[in-house]
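All values derive from a computational prediction rather than experimental measurement.
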Amino acid sequence: MPGTVISAPEVTHVSKHGFWLLLADEEVLLPFEQFPWFRRATIDQISHVEWPTPEHLYWPELDIDLSLESIRQPDTFPLVSKALP
């Protein structure tokens with residue numbers, strides 16, 4: 001069983017293409033093309049991210065749950081949202 005996450009996730013950069021999230025010693029990119037739910041979110045909503053388990057992220061204000069694996073390896077999760085542009 002993995003240990004408890006003690007570092008808070010931190011949004012390090014937001015652009016028109018997506019945003020970068022620092023998770024302890026790893027930085028991941030969430031491009032809006034692959035994660036369209038964030039496209040119209042405010043910076044505050046994107047920045048309010050929780051890390052309840054080592055492999056799970058949650059944005060409570062947006063009600064978005066993501067596994068880290070879906071961020072690291074998006075090709076293994078081929079279903080894409082039909083969210084409005």
Side-chain angles (χ1 to χ4, degrees):
M1 184 86 183
T4 303
V5 176
I6 58 171
S7 299
E10 178 184 348
V11 174
T12 59
H13 182 75
V14 179
S15 78
K16 66 179 183 176
H17 303 290
F19 65 98
W20 286 258
L21 190 60
L22 182 62
L23 305 167
D25 61 351
E26 175 185 19
E27 192 167 30
V28 294
L29 169 64
L30 286 89
F32 294 138
E33 184 176 303
Q34 292 175 321
F35 301 94
W37 316 282
F38 296 103
R39 186 179 307 274
R40 295 184 187 256
T42 66
I43 300 292
D44 285 341
Q45 290 172 320
I46 289 173
S47 297
H48 185 192
V49 55
E50 298 174 0
W51 198 1
T53 68
E55 290 299 317
H56 174 242
L57 297 169
Y58 179 59
W59 286 262
E61 294 176 27
L62 301 168
D63 195 27
I64 296 173
D65 289 279
L66 291 176
S67 75
L68 282 176
E69 191 62 26
S70 70
I71 298 168
R72 292 178 183 131
Q73 302 291 328
D75 293 340
T76 61
F77 296 81
L79 295 179
V80 177
S81 171
K82 299 281 185 187
L84 299 175

Check side chain to side chain contact (heavy atoms under 4.5 Å, CB included) between [X] and all other residues, then give those that pass, not counting sequence neighbours.
X: H48; result: E50, P60, E61
X: V28; result: L21, L23, E26, L30, I71
X: L62; result: F38, A41, Q45, W59, I64

To the nearest 0.5 Å, atom CG of L22 lies from atom CD of E10 at 6.0 Å
Quick one: side-chain hydrogen bond (donor to acceptor under 3.5 Å, both in side chains) partners of D44, sequence neighbours excluded?
-> none
T12: side-chain hydrogen bond (donor to acceptor under 3.5 Å, both in side chains) partners, not counting sequence neighbours | E27
Side-chain heavy atoms of F35 within contact of L66, under 4.5 Å = yes
Hey, does Q34 have a side-chain heavy atom less than 4.5 Å from the side chain of P74?
-> yes
Connected to L29, directly or through other members, by ILVMFWY side-chain contacts below 4.5 Å are W20
Do you know which two heavy atoms are closest between T76 and Q73, and how far apart they sit?
-> OG1-O, 2.7 Å
Please report the shortest heavy-atom distance between S15 and F32, naming the atom on each side.
-> O-CE1, 3.3 Å
Please check if W37 and V49 belong to a single hydrophobic cluster, counting links between Ile, Leu, Val, Met, Phe, Trp and Tyr side chain heavy atoms closer than 4.5 Å.
-> yes
Can H56 and D65 be said to form a side-chain contact (heavy atoms from CB on, under 4.5 Å), step by step?
-> CA-CA 7 Å; H56 174 242; D65 289 279; 2.8 Å; yes
